[in-house]
Each structure stands twice: as C-alpha cells, then as structure tokens.
2 protein chains.
Amino acid sequence: MNPTYIARCAQLAMLLEVSATPKPGNVDRNHDFDDVKYEHFLASAIGVGPIFERAAIAKKGIGSFIRESVEESIRWQRGGNTHFGAFLLLVPLVMAAGNDDIKSVTKVVQDTSVEDAVEFYKAFRCIKVRVGSVKELSIDDPNSVNEIKRRELTLYDLMKISSKYDAIAHEWISGFHRTFRGASVLEEKLGQMSTNNAIIFTYLTLLSERPDTLIQSKFGLEKAIKVSEKASTLIENWDLGAISDFDEELIREGANPGSTADMVVGSLFIALLGGVKP
Amino acid sequence: MNPTYIARCAQLAMLLEVSATPKPGNVDRNHDFDDVKYEHFLASAIGVGPIFERAAIAKKGIGSFIRESVEESIRWQRGGNTHFGAFLLLVPLVMAAGNDDIKSVTKVVQDTSVEDAVEFYKAFRCIKVRVGSVKELSIDDPNSVNEIKRRELTLYDLMKISSKYDAIAHEWISGFHRTFRGASVLEEKLGQMSTNNAIIFTYLTLLSERPDTLIQSKFGLEKAIKVSEKASTLIENWDLGAISDFDEELIREGANPGSTADMVVGSLFIALLGGVKP
C-alpha cells in the first residue's frame, strides 16, 4: 500500500477524532483546554505526515518514529502534548499497514528493541506526559535509561510492565484488540449515522467497555468505573443533549478519558484504511 | 525551502480557514451546508498533500496540479467541491514558495501555457463550479477547449478575461495583492487575539474591502455590496454575537462569500510559511 496514502489516513484519523463533538471530557471542535486548544491538534496532525510516510516503508525503528512524531508535533504548534498516546498506537499500525497486513501489528510491536525503549524515553522527555509512563522507571530519573539498557528491556517489555495500568500499553500486548474493536463499531455505525456521531458512538462504546486509565491515574478506579457506567447509559439511550451535559460535567471536573480518545484515533485509521470515507 | 514543509503549510492553511468560526455565510466547524460538510473539507486538505509537494519542486504545470488537486480532493470525501478556488490560489503560491520567493508568484502565473488552460478546463469538468468560470468559454460547451487552443489562450489569459467578475482570477493578474494583504492583517491580529478570531477578523476585513464575487454572481452586485458594508461595521464594532447573527442571516439566504474564504486560505498559507504558529 502506498506510504503517502497510509500516512494521510493516519493524519485524517487524528483530525476526525479531535473534531468529533460532543466527546465527553476531551478536546473537540467546541472545547479547548486552557493550554491545549483544538487548533493545536490540527497543526500536530499536519506536522507528522512525513514521519508517518517514512514509518510506512520502514521495517524497524518504532521508538525513533514515536520520538520524531512527538518532536514534529510540538514544532508545529504551541500547545505542547496533543497526540502522545495516539502516536504510540499509530506508529506500529502505520508500519503494519506498510507491510500490507494491518494484523501484523502484533509482530511489529513484539519485534521492538532496547534502542526503541531508549528512544521512547527520549520522546517522553520532550513532553512530560502522564499517560503511558512506566511507574518503576520514572521519566524524571536520569538513571532510567541506564536501567533499561542494563536489564535489556525492549519497548515491548516496557509496555508489558505498564499494561496493568495503562490502556495503550495494554493494546500493545493484546494485539490491539480494542482498537480493532473500535474500527468495527465505526464501520457499522457510519452506515447509520453521520460521521461525527459514529465517532462519538464508538468513543462512548470503548469507554463503556473499560474504565479509562488516564482518568484512573488521576482520580482513581472508582471514578473511572463511574464514567464508564455513564457512557454505557448514554449509548443505550442515544441523546446528544445528554451527551453534551456529560461532556460539560467531565470538563468541569478535569476528568478527560484521554486513553479512550487515543484508541479512537487508531480505530479511525483502520477504518479509513479499509476504505471508509467522510 | 523544504517541499513537504511548504505542502504542510498549505494543508494547515486549509484546515485553519475552514475551522474558524463564526465565519459569516460559509462552512465552518459549526456550520455544514446540506451537501458539503466540515469533515469533507478536512479530508480534502489531507488528500492533496502529495500534489502540493510535487508542485513545490516543479517549475511548470500549474494547470495539471490544479486538476490533480481537484481530483484528489474529491477522491478523499463524498461532498464534492470543497476547495476549487483555494487551489487556484494555493498551487501558484506553493510553486513560488518552492522557488524560495513567494513574491515570484506573479511570474509563476504569467508563465502559464495553453496546456495549463486546457488542464484547468478538465479540472472544471470534475466539479461544475460557479466560481472562476470564464463566461465566454462555457464549461458546458465541448468546443471551449478547441477554442482555447485555436486562440492560443494561456491560463493567465483566461484569468485576465474573467478578472472583471471573479476575485480569484483578479488575484492572478494583480500580484495576489489582496491575498498578501490578508496575510499582513493576520500577522498583526495573531498577536492580539486568538488564532480563530484573527482569522475571522481577516476574513471580515477582506470582505469589507471588496464585494465578494461569488455572492455577486449569485445575487447581484447590490447584495454583494450590502454584505461588504455589514462586514465593515462588524470589524469596527468587534462583537462575536453580532458576527454570529450575521452568519445565521447569510446561511439562511444561501449567500456565501466563498471567494473571500478562498483568499483567506492563501493569506493563511503565506503567514504560516512566514513562521506564524497556532
């Protein structure tokens, strides 16, 4: 498959995800955060195109593509971290698409090296993010990289360690199961509702099926479970007004289901690659 | 200047323009038309990346790059024409940027050939658009292409013919004067207001300075002048509520200042290329 086509599907996935509204708790076309604004997400999605294009023809180097994506993303806008979690999913998916076999993503991540883990830590340093951090190997501890080298930990190993408390890492070790699940939901719903609403439906479905780990890390498991239960109610009784109210409630609390939003980017990429069109 | 950098500035210009809201009368992040929706503009902007990249290193072929942009744009979404007028401005600007001299755009358009004119007509055929049509050489008349060849009309000649009633064509023969003017307004306003509001301010400024030719072609000169006078009042008494009301009024009437919106895309491109960041 054409690498520029793959890259553009990944970029459009980023745009469609951030544009979908109301997307309870996260940045969307009608909701900025104080520091990170909608336009920052647009610029980030545009900026990373050439990195994805190179990733689509590469056979290795996930870690450095993740680092380069982060660097390019923050070069194009002034909002800081916009897509860290999304890049963790998109880069291996893009590489798998470049193999003409999106399902090869499992092998792509299993084949990562110690060098990939080191590059991943460099990416971290560009933007101190909460999501995806490996608790035993703190990003703030300069010894972490030495420790990674000493223990010969690959990026896959790091993801295994953090998979218990981070949904994106869990995708890495579980064949991107939920990301593919989201793509199926999207494909089904795009025939029944507008592109925007199909994305919101998919987001709420994924959120309802598992507590969001970003909310969990900020507010604890109980809160994350409550948010998921509410998402479940909202998809059963589809009502954009009620979804908007929930959005306002989460925004007010600062409770953003960021891991779920990242996953929807991955799901959109798979669906677009499969031929879905806005 | 790096061709992928140039292409991405052009793509981001398209995204920022269509996202700015409330943009009286046109599609924005909160306003779809019945057939053309916001998401169609996002997909179009993503789709054309590789065409712009090739245009940035090309020395000739404006006409075919315009045709390819249109074809790629409609391949990526189901809404039809989104960016025809914008491509007419962006393609020569991208080529000029590729020369490391954005001001060389005047020479770039003057150097067009009869072949460029023929390709432009092919682009037209993909999407019957109102804006930019050359009245004497109807797009619906299969003899138009023969007539262009017989009279040896270049694309610049066609633009000269239509410059009296089409603002985009007028840019071609006047050194992209208003597009550059918009870039100056943007650069000034971006220091004083949000990215979104600076774009709206620029749009209203350009609209106030000259009647929009798309409105003129649909509703006549008198209506176009009225719209411009109203835009003038709105920038003098900056009030987003009043701008929203005007937006609703124009949307209701189907009066969209499309040529002015296209010009803002060009202005944004110049400003982004000059280092402005969202």
Side-chain angles (χ1 to χ4, degrees), chain A residues 2-22 27-32 36-54 72-80 82 190 194-199 268-269 272 275-278, chain B residues 2-22 27-32 36-54 72-80 82 190 194-199 268-269 272 275-278:
Chain A
N2 183 326
T4 83
Y5 178 74
I6 295 170
R8 284 177 287 167
C9 285
Q11 292 178 284
L12 184 54
M14 294 163 75
L15 293 179
L16 292 176
E17 186 280 323
V18 73
S19 300
T21 184
V27 170
D28 68 26
R29 71 175 85 172
N30 293 319
H31 263 137
D32 291 333
V36 195
K37 299 187 192 309
Y38 178 67
E39 285 90 347
H40 298 148
F41 283 79
L42 302 182
S44 168
I46 288 299
V48 295
I51 319 290
F52 288 168
E53 220 172 300
R54 285 194 289 114
E72 199 65 21
S73 165
I74 58 181
R75 196 172 290 141
W76 277 74
Q77 39 86 21
R78 295 176 297 178
T82 52
L190 278 169
S194 70
T195 302
N196 181 79
N197 291 1
I199 298 169
L268 272 161
F269 171 64
L272 289 167
V276 153
K277 267 186 210 184
Chain B
N2 181 327
T4 84
Y5 178 75
I6 295 170
R8 284 176 288 167
C9 285
Q11 292 179 284
L12 185 54
M14 294 163 76
L15 294 180
L16 292 175
E17 185 280 324
V18 73
S19 300
T21 184
V27 170
D28 68 26
R29 71 175 85 170
N30 293 319
H31 262 137
D32 291 332
V36 195
K37 300 186 192 308
Y38 177 66
E39 285 90 347
H40 299 147
F41 283 79
L42 302 183
S44 168
I46 288 298
V48 297
I51 318 291
F52 288 168
E53 219 173 301
R54 285 194 288 115
E72 199 64 21
S73 165
I74 58 179
R75 197 172 289 141
W76 276 76
Q77 40 85 22
R78 295 176 298 177
T82 51
L190 278 169
S194 70
T195 302
N196 182 79
N197 291 1
I199 298 168
L268 272 161
F269 171 64
L272 288 167
V276 153
K277 268 187 209 185

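All chains are named by letter (A, B, ...) in the order of the sequence lines, taking the proteins before the strands, and each is independently numbered beginning at 1. Computed from heavy atoms alone, side chains included, the values below leave out hydrogens, waters and symmetry copies.
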Could you go step by step and tell me if A/Cys9 and B/Trp76 meet the side chain to side chain contact (heavy atoms under 4.5 Å, CB included) rule? CA-CA 10 Å; A/Cys9 285; B/Trp76 276 76; 4.1 Å; yes
All salt bridge (charged side-chain N to carboxylate O under 4.0 Å, His left out) counterparts of A/Arg78, not counting sequence neighbours: none
To the nearest 0.5 Å, what is the distance between NZ on A/Lys277 and CD on B/Glu39? 15.5 Å
Can you tell which of B/Thr4, B/Leu15, B/Thr195, B/Thr21 has the highest number of heavy-atom pairs within less than 4.5 Å of chain A? B/Leu15
Give, as side chain, backbone, both or neither, the part of B/Tyr5 having an atom under 4.5 angstrom from any heavy atom of chain A. both
Pick from A/Gly49, A/Ser194, A/Ala45, A/Pro278 with the largest number of heavy-atom pairs that fall under 4.5 Å of chain B: A/Pro278
The reported gap from CD1 in B/Ile51 to CZ in B/Arg54 (rounded to nearest 0.5 angstrom) is 5.0 Å
